[in-house]
Amino acid sequence: MRGDDRRAAPPPGPIRPYEFPAVAEERLSNGMAVRLVSAIGLPVVTAMVVLRAGETAAPVGRGGLAVLAGDGLEGGTTRLSSRELAMALEGIGASYGAMTGWDSTTVAVSCLAEHLPEAMPLVAGMVRSPAFEEAEFDRCRAQRLAAAAQRRMDPASLAADWHARLAYADGGTYARPLGGTESSIGSTEAGDARGFVEARYGPLEAALVIVGDLDSGEALTLAEAHWGDWHREVNPVPEPEAAPRLRSRSAHVVHRPGSVQSRIRVGHMGVSRGVGDYFPLIVLNLVLGGTFSSRLNLGLRERHGFTYGVRSSFAPRRGPGPFAVSTAVANDVTGAAVKEIVREIEAVVEAGPAGEEVESATSYMAGVFPLRLQTTGQIASRIARMIVFGLPEDHYRGYRDRVREVTAAEAAEAARRHIRPDELCTVIVGDADAVAPQLEGLGLGPVTVHEEKA
């Protein structure tokens, strides 16, 4: 090959075929849903329990309760202490963990397929009979309190929390941090977590996902043995409360004296996961600010040199999660950076993305899709999403086709429907004396300076 031939990037090859594995849908004798995926070709299996009991199920004023309850599941069962539980799982080479989000709590274990009969009763014990022993719960609470205090010290987290507080102006569920506040966490006791589990964890509000090198019949028999006799009636988790939209622009500076950088967050209340034009919307977001080659990154980073990186995102939940653009810039270019962000948002709503931008975005999404489904845990997580959000059973089997079918016109319509420039809420965490004057005259709405309490 000649030397000058190496100067040009090779053309992209055809997208390699990939088919999401078939999912068998079963039910245990108590009505608990089971999803089985076999013939993965790996000697590993992941068993994941999906509980429709995330932070949206926490009572008003008890923010962080669902997260603390989820943390406490790893703290031992009524039969095994936290140390004994950890030793039992580590003894069979298993990795395990519990995680709570806005819409669900998941408890998962991954191990060699031959050890699943030993792992399954341990996971069942974590979910069905957690101990919430006082010392262990106090440790979990102390960790969450430390994390909440750290959020107040971290500009990026502070910007996200203030933006949620102001964009969801009614003070509803999504107006607070996922893990709660220091006040709500500090007042939560082990008995509160135990009560939450008893009220929200039940077989009809749960599902078991098993993915890996397994015989479906044997896996179902194993599931029935450890979950089929679980009987607990719980109230279904209510739909997230409707939040009123902001109807005008506003700008807010959270004052941090002496800061040399500004953390910027611009956006508004977004969409729920069940939105009908989800695929055009995520393609549109890639064009706007979801990749390194996006409009926002090319503008703020490459053209103006304002930042090392900027991103936009929609965070769909069972209720309308936030739409936000986030970045960090030096004090002296804060106003210019905000102006550029708003300009790019307005432009994509007014004219929509170009055909080549959409083609690039859809090719990228279709290309990386299989790369994010290479482990049993990744596949189990996708199936869990289908359960939590009520997605059709062919959602991921047809994912790449649906992505590649998105047109520029559909993406443009998604932008007009779901991005509202007139309702943008701008939050800047930085030195108000340095940055607030730069915001005047930018058409951002009234500028308010807030003091963050230490």
Side-chain angles (χ1 to χ4, degrees), residues 33 35 46-60 62-74 95-110 123 126-127 130 140-141 143-144 147-148 150-151 156-157 160-161 163-165 167-168 172-181 184-185 188 193 196-197 199-202 205-209 234 236-241 243 269-275 278 282 313-324 326 372 377-391 395-396:
R35 301 289 184 269
T46 293
M48 178 178 290
V49 185
V50 187
L51 300 148
R52 298 182 186 89
E55 269 297 315
T56 53
V60 175
R62 304 310 305 269
L65 175 58
V67 170
L68 271 172
D71 291 347
L73 300 182
E74 297 183 36
S95 60
Y96 68 102
M99 183 175 67
T100 301
W102 286 109
D103 299 303
S104 66
T105 293
T106 58
V107 183
V109 62
S110 294
V123 174
M126 292 171 65
V127 174
C140 292
R141 183 177 56 197
Q143 290 176 337
R144 286 292 172 181
Q150 177 62 30
R151 287 190 70 85
S157 299
D161 291 349
H163 192 262
R165 188 184 312 174
Y168 292 86
T173 300
Y174 296 154
R176 62 167 176 81
L178 171 66
T181 63
S184 64
I185 298 168
T188 300
F196 179 83
V197 167
R200 292 301 186 186
Y201 289 16
E205 290 296 315
L208 175 63
V209 180
V234 299
V237 176
E239 291 299 315
E241 60 200 52
M269 184 172 65
V271 301
S272 65
R273 181 57 182 83
V275 68
Y278 174 75
I282 56 176
S313 63
F314 283 87
R317 302 164 185 162
R318 287 177 62 238
F323 158 68
S326 57
R372 296 169 177 170
Q378 289 172 324
I379 294 171
S381 293
R382 294 296 178 116
I383 296 171
R385 288 189 199 178
M386 292 170 60
I387 295 167
V388 171
F389 295 120
L391 303 178
H395 178 78
Y396 288 114

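All heavy atoms count here, side chains included; hydrogens, waters and symmetry mates do not. Residues take their numbers from the sequence shown, with the count starting at 1.
Partners of Ala57 under the side chain to side chain contact (heavy atoms under 4.5 Å, CB included) rule, at least two apart in sequence or in another chain, are Phe196, Arg200, Val237. The salt bridge (charged side-chain N to carboxylate O under 4.0 Å, His left out) test applied to Arg141 returns Asp138, Glu189, not counting sequence neighbours. Qualifying side chain to side chain donor-acceptor pair (under 3.5 Å) partners for Gln378, counting only residues two or more places apart in sequence or in other chains: Thr375. Arg165 is linked by a salt bridge (charged side-chain N to carboxylate O under 4.0 Å, His left out) to nothing, counting only residues two or more places apart in sequence or in another chain. Arg35 meets the side chain to side chain donor-acceptor pair (under 3.5 Å) test with no other residue; sequence neighbours excluded. Partners of Ser157 under the side chain to side chain contact (heavy atoms under 4.5 Å, CB included) rule, at least two apart in sequence or in another chain, are Arg151, Asp154. Every residue meeting the side chain to side chain donor-acceptor pair (under 3.5 Å) condition with Thr181, not counting sequence neighbours, appears here in chain and number order: Ser184. For Leu178, the side chain to side chain contact (heavy atoms under 4.5 Å, CB included) test picks out Glu55, Val67, Trp102, with sequence neighbours left out. Scored by the side chain to side chain donor-acceptor pair (under 3.5 Å) test, Thr56 finds no partners at all (sequence neighbours excluded). Under the rule for a salt bridge (charged side-chain N to carboxylate O under 4.0 Å, His left out), Arg52 has no partner lying at least two apart in sequence or in another chain. With sequence neighbours excluded, the residues forming a ring pair (Phe, Tyr, Trp, His ring centres under 6.0 Å) with Tyr168 are Tyr174, listed by chain and number. With sequence neighbours left out, Arg273 forms a salt bridge (charged side-chain N to carboxylate O under 4.0 Å, His left out) with no residue at all.
Arg382 has its side chain out of reach of His395: every pair of non-hydrogen atoms, C-beta onward, lies at least 4.5 Å apart. Counting heavy atoms from C-beta on, the side chains of Pro316 and Val275 never come closer than 4.5 Å.
In terms of heavy-atom proximity, Ala98 sits nearest to Glu74 at N-OE2, 2.9 Å. Taking each heavy atom of Ala58 and Leu65 in turn, the nearest pair found is CB-CB, 4.3 Å. Closest of all the heavy-atom pairs between Val388 and Ser104 is CG2-CB, 3.6 Å. In terms of heavy atoms, Met48 sits closest to Ala380 at SD-O, 3.9 Å. The shortest non-hydrogen separation linking Ala66 to Gly54 is CB-O, 3.4 Å. Shortest non-hydrogen contact noted between Gly179 and Ile185 is O-CD1, 3.2 Å.
Atom OG1 of residue Thr106 and atom CD1 of residue Ile387 lie 11.0 Å apart, to the nearest 0.5 angstrom. For the atom pair Thr100 OG1 and Asp71 CG, the distance stands at 6.5 Å (nearest 0.5 Å). Note that OG1 of Thr46 and CD1 of Ile383 are 10.0 Å apart. Values are rounded to the nearest 0.5 Å.
Remark: the backbone N or O of Arg318 is paired with a side-chain donor or acceptor of Asp103 at under 3.5 angstrom. Using modelled atom types, no side-chain atom of Thr105 and backbone atom of Leu51 make a donor-acceptor pair closer than 3.5 Å.
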Margin query: For a side chain to side chain contact (heavy atoms under 4.5 Å, CB included) check, start with the C-alpha distance between Tyr96 and Val123, then their side-chain angles and the critical distance, and finish with the verdict.
Written below: CA-CA 9 Å; Tyr96 68 102; Val123 174; 6.0 Å; no

